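Input: a single structure, listed below in structure tokens.
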Number of protein chains: 2
Amino acid sequence: MKLTVSRLYKYRDTLIRFRQIGMVRVFSDDLAEDMNTSATQVRKDFSLFGISGNKKGGYQIHRLIIQLDRLLGKDKTHFVIIVGAGNLGKALMNYGGFEEEGFKVVAVFDNDPRKISRKGKIPVLPVQGLERFIKARELDLGIIAVPYFAAQEVAGRMTAAGIKGILNFAPVSLKVPGDCFVSNINVQLELETVSYFAKIMKENKKHSQQKKAL
Amino acid sequence: MKLTVSRLYKYRDTLIRFRQIGMVRVFSDDLAEDMNTSATQVRKDFSLFGISGNKKGGYQIHRLIIQLDRLLGKDKTHFVIIVGAGNLGKALMNYGGFEEEGFKVVAVFDNDPRKISRKGKIPVLPVQGLERFIKARELDLGIIAVPYFAAQEVAGRMTAAGIKGILNFAPVSLKVPGDCFVSNINVQLELETVSYFAKIMKENKKHSQQKKAL
DNA sequence: ATCATTTTGTGATTCTTTTCACAATAAATC
DNA sequence: GATTTATTGTGAAAAGAATCACAAAATGAT
């Protein structure tokens, strides 16, 4: 399910690129190729979400984007807060990609008084006010960009205040109530995993060379 | 397989924290709890990689870490290059987490002459020299932090020069030869997915409240 | 108007990952 | 030293995700 949903977002991305270069229709094949997956997968994903095209005629890009937008909630702006104004928090705060995708970072929170500032485009506020802020605006989405030892506390406060989705950059598994969804981004871990498989790839090569030699 | 491997890295992380607070032995239960998984999963993962503990006595943390280190290649330094010295590239370049985990960023590459600099701790070099650099040092690992439209070209050049593992931050699916492993980090996509499920969580709540009301 | 071709949509199948169930065994207790 | 208890290790079952196989329908060709 999670995998299917994130593929749907990717299809949308691809479709928007396709539209930009003037394409009007696509086949499941085209999408599959661009995304390194199979045409069957594309159709299965669509079918699962009730999206249908025309036999022999594929899918109308424009219409498809509209359908995906509605399905994926891309037809409205989503408000987000970031907790943690360190290197990562600042990078995220200045990251243009969110706005492009319909997310608006409404505030950043930190516990270091020196980082507080209401002047910038996005205010950096004392973390004391976190719950009040979330409740007042009925926010659903939070990004955690604090050190690992502070992450669980932040998560607890967020969910208690009503946050329903967390994007967590701290390298710990957060414990949250069942009505909150968490997704983790762990850059170190990702690089470690890559390094593990890179090593295997090298070893396989050696093996196949050995095999060739036999 | 990929999931198991990344869990192994996480077990190691957790174990190191446990050791720091003076623990000497763990049970699969302890690891599972810390990592939000099941004890069975932990043991299955270990069993799959030939790691064993003591019935009733659990696992000796110190020994377990050593075993994982060897298994996961954490007993040596891995050299990495980054391509792209924009916001993201710079953030990654100054990110302490890699060094902590045994990765050394040996160079950053960019195609903008203004960004070139051999003075810093990590040199920023012209991307023209990419292949030569990789081959000369027999590097395996590369991080792609360039805009989406440049990512595929960079990936092609990296793999042609011998890179076997790529951590890709560009929001496109890279096409690489079968002997190269790619892992993608797509912050926008991750946030989109979180937002999708956050919405569902809210709707479910509404439903269950309705149910209660009946 | 008929036939061949292309492409969708989906039930059935296979593959992968997780969970279950429980035997084996080491330690603790009596 | 026999018995209970806690914990591992793993084959079997279940759940989840991807792939296959093919019928149905739309289009184009003759």
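Just so it is clear: chains get the letters A, B, ... in the order the sequence lines come, proteins before strands, and each one is counted from 1. Please read all numbers here as calculations on a predicted model, not as lab measurements.
- Of the listed nucleotides (D/dT5, C/dT18, D/dT10), D/dT10 has the atom at the smallest distance from the side chain of B/S47.
- Heavy atoms of B/Y59 sit under 4.0 angstrom from primed sugar atoms or phosphate atoms, though from no base atom.
- Residue contacts for A/T4: at a heavy-atom cut-off of 4.0 Å it reaches no nucleic acid atom on any strand shown.
- Residue-level contact check: A/S28 touches the backbone only, with heavy atoms under 4.0 Å from sugar-phosphate atoms and none from bases.
- A salt bridge is defined here as a Lys NZ or Arg NE, NH1 or NH2 lying under 4.0 Å from an Asp or Glu carboxylate O, and A/D34 with A/R17 meets this definition.
- Taking the side chain of A/R7 as heavy atoms from C-beta on, and the options D/dT7, C/dT17, D/dA18, the nearest nucleotide is D/dA18.
- Among the nucleotides C/dA21, C/dT17, D/dT19, the one closest to any side-chain atom of B/R43 is C/dA21.
- Under the 30°/60° scheme for interplanar angles, the aromatic rings of B/F103 and B/F98 are found to stand perpendicular.
- Toward the 5' end of DNA chain D, the nearer of the two residues B/F27 and A/S38, judged by each one's closest nucleotide, is B/F27.
- Ionic pairing of A/K2 and B/E190 is present here: one or more N-O contacts between side-chain nitrogen and carboxylate oxygen are shorter than 4.0 angstrom.
- Contact between the side-chain N/O atoms of A/T40 and the OP1/OP2 oxygens of D/dC20 is not found at any separation under 4.0 Å.
- You'll find that the side chain of A/K55 is closest to D/dA25, out of D/dT19, D/dA25, C/dT19.
- A/Y95 and B/Q188 form a side-chain donor-acceptor contact under 3.5 Å, judged by distance and modelled atom types alone.
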